[in-house]
2 protein chains.
Amino acid sequence: MSPARTEWSDAEEEIMRATYRALLSHGYADLSMSHIADELDKSKAAPYYYYDSKDELLVAFLDYAIYRFEDGLDTDVGDDPKERLDHAVEKLLPLRPDEKTRDLQAVLVELRAQAVTNDAFREQFSRLDAEIVETIREIVQRGVDDGTFRDVDATRIAEHVLATIIGGRYGQATTDREDAIGAPRVSLTSYLDAELRPRP
Amino acid sequence: MSPARTEWSDAEEEIMRATYRALLSHGYADLSMSHIADELDKSKAAPYYYYDSKDELLVAFLDYAIYRFEDGLDTDVGDDPKERLDHAVEKLLPLRPDEKTRDLQAVLVELRAQAVTNDAFREQFSRLDAEIVETIREIVQRGVDDGTFRDVDATRIAEHVLATIIGGRYGQATTDREDAIGAPRVSLTSYLDAELRPRP
DNA sequence: GTCTATAAGATGATAGAC
DNA sequence: GTCTATCATCTTATAGAC
């Protein structure tokens with residue numbers, strides 16, 4: 001399992017952006033090198049100078065998309081565990097995502113589905129989910145240690161948060177149900193409050 | 001939004017089964033009429049006698065897969081709200097899914113991702129999710145009414161259960177994380193217990 | 001109903017000019 | 001680095017025989 005890249009040359013960045021746009025308008029199942037080239041405004045052959053195959057390009061794109069998503073997950077927001085947790089939850093499952101955020105999440109939903117049959121994708125999403133759980137777990141554990149939170153199983157809480165977040169995002173990206181994000185987000189907050197608030 | 005079919009002729013059923021097998025071995029993005037024909041052990045032209053296009057066949061298959069999944073969601077398990085809820089949760093997020101169940105869920109995960117860009121798929125998953133929420137909500141509300149459960153917002157609970165279930169399934173189908181299903185399932189049970197148990 | 005043959009076009013990838 | 005031209009293969013879909 002190789003670590004995800006965090007830097008791209010200008011040319012690669014342009015290809016990644018074109019792939020992103022192509023994915024948004026055609027979806028993963030209908031994504032072709034021609035569509036990417038169209039968005040790139042270059043010939044179909046151009047991307048092959050940087051990537052040996054479509055597969056290799058797509059694995060690179062997964063790195064790129066996940067990096068974009070992870071960015072700023074646990075940025076400096078102070079020391080208060082409650083604030084850090086709220087901040088992480090809002091980053092992971094924004095109550096009112098703007099269009100850019102929804103687009104990125106839609107693309108990630110499509111990419112994640114490929115992990116069912118593609119091992120390289122599967123490894124990346126396994127790593128991503130493990131990192132999210134670890135981030136949440138660490139925040140909760142800190143709160144337990146300093147008495148802000150009740151003495152709970154931080155890993156169990158973190159796994160529940162991850163599942164609810166993924167579910168909320170899939171609900172939003174794949175249905176027209178109005179409350180697909182609002183409801184799980186509100187009940188996630190209430191769940192965390194109920195589980196973590198110290199007993200009186 | 002047309003209601004899903006619940007009956008298929010023998011010939012159609014054979015095509016649906018072949019499509020299912022083709023989907024399992026190739027994934028949605030690489031699914032072709034040739035792959036379906038191979039699994040069907042007939043010529044590529046055979047399915048066109050029953051379906052005008054690949055798109056039409058796939059929409060029919062979504063009906064078929066969702067029907068298979070929904071089957072037995074709220075079967076007769078008695079009147080006790082707690083038992084009915086446990087039964088529904090186990091159906092929706094089995095603690096130890098067998099291979100057949102995991103296969104079906106993997107296929108549904110791939111199909112759901114198509115709902116990002118395919119409106120027919122999107123409508124079907126909107127309907128499916130609404131039905132699941134309604135089933136859970138009704139069970140919880142009954143429990144509230146007869147005093148088995150605390151006086152909670154049954155819809156909010158149901159939405160949270162749906163999000164956790166979808167998240168747990170995606171975690172299992174798209175990662176190698178050992179606890180992708182176990183952890184959310186256990187914490188979902190504990191969440192429901194904590195939220196629903198009447199205050200002493 | 002299912003077959004073979006075939007159409008018409010898209011696909012991933014490469015060679016070679018510039 | 002990027003282009004045009006090209007290749008072999010695969011794609012969805014249809015026509016017509018049986």
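Both backbone and side-chain heavy atoms feed into the values below; hydrogens, waters and symmetry mates do not.
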Nearest-0.5 Å distance that lies between atom [atom1] in [X] and atom [atom2] in [Y]:
X	Y	atom1	atom2	result
A/Y67	A/F61	OH	CZ	15.0 Å
B/E12	B/T19	CD	OG1	11.0 Å
A/R127	A/E70	CZ	CD	5.5 Å
A/T148	A/D146	OG1	CG	3.0 Å

Nearest whole Å is fine: how far is [N] [atom2] from [X] [atom1]?
X	N	atom1	atom2	answer
A/K44	D/dA8	NZ	P	15 Å
A/I36	C/dA13	CD1	C1'	14 Å
A/Y49	C/dA15	OH	P	16 Å
A/L57	C/dA13	CG	C1'	13 Å
B/K54	D/dA13	NZ	P	8 Å
A/Y50	D/dC3	OH	P	10 Å
A/L40	D/dT2	CG	C1'	11 Å
A/D10	D/dT2	CG	P	11 Å

Handout entry: Residue met sooner reading DNA chain C from 5', once B/K42 and A/D55 are mapped to nucleotides
Key =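 Of the two residues, B/K42 wins.
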
Handout entry: Residue closer to the 5' end of DNA chain C, B/D41 versus A/S34 (nearest nucleotide)
Key =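 Counting from the 5' end, the first nearest nucleotide belongs to B/D41.
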
Practice task
Go through residues 20-33 of chain A and report each residue with a non-hydrogen atom lying under 4.0 Å from DNA chain D, sorted by number.
Solution key: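 Residues of residues 20-33 of chain A under 4.0 Å from DNA chain D: none.
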
Should [X] be listed as having a side-chain N or O under 4.0 Å from OP1 or OP2 of [N]?
X	N	answer
A/Y48	C/dA13	yes
B/Y51	D/dA13	no
B/S43	C/dT4	no

Practice task
Would you classify A/A45 as touching base, sugar-phosphate or nothing, given that sugar-phosphate means primed atoms plus P, OP1 and OP2, and contacts are heavy atoms under 4.0 Å?
Solution key: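 Base, at least one base atom sits under 4.0 Å.
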
Handout entry: Heavy-atom donor-acceptor pair, B/R185 side chain to B/A180 backbone, under 3.5 Å
Key =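 Side chain of B/R185 to backbone of B/A180, a donor-acceptor pair under 3.5 Å: no, none is there.
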
Practice task
Report yes or no: does B/T175 contribute a side-chain atom to a donor-acceptor pair with the main-chain N or O of A/F125 at less than 3.5 Å?
Solution key: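 No, the answer is negative, given that no donor and acceptor are paired below the 3.5 Å cut-off.
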
Handout entry: CA sep, side-chain torsions, deciding dist, call: A/S187, B/R156, side chain to side chain donor-acceptor pair (under 3.5 Å)
Key = CA-CA 6 Å; A/S187 71; B/R156 180 177 62 77; 5.1 Å; no

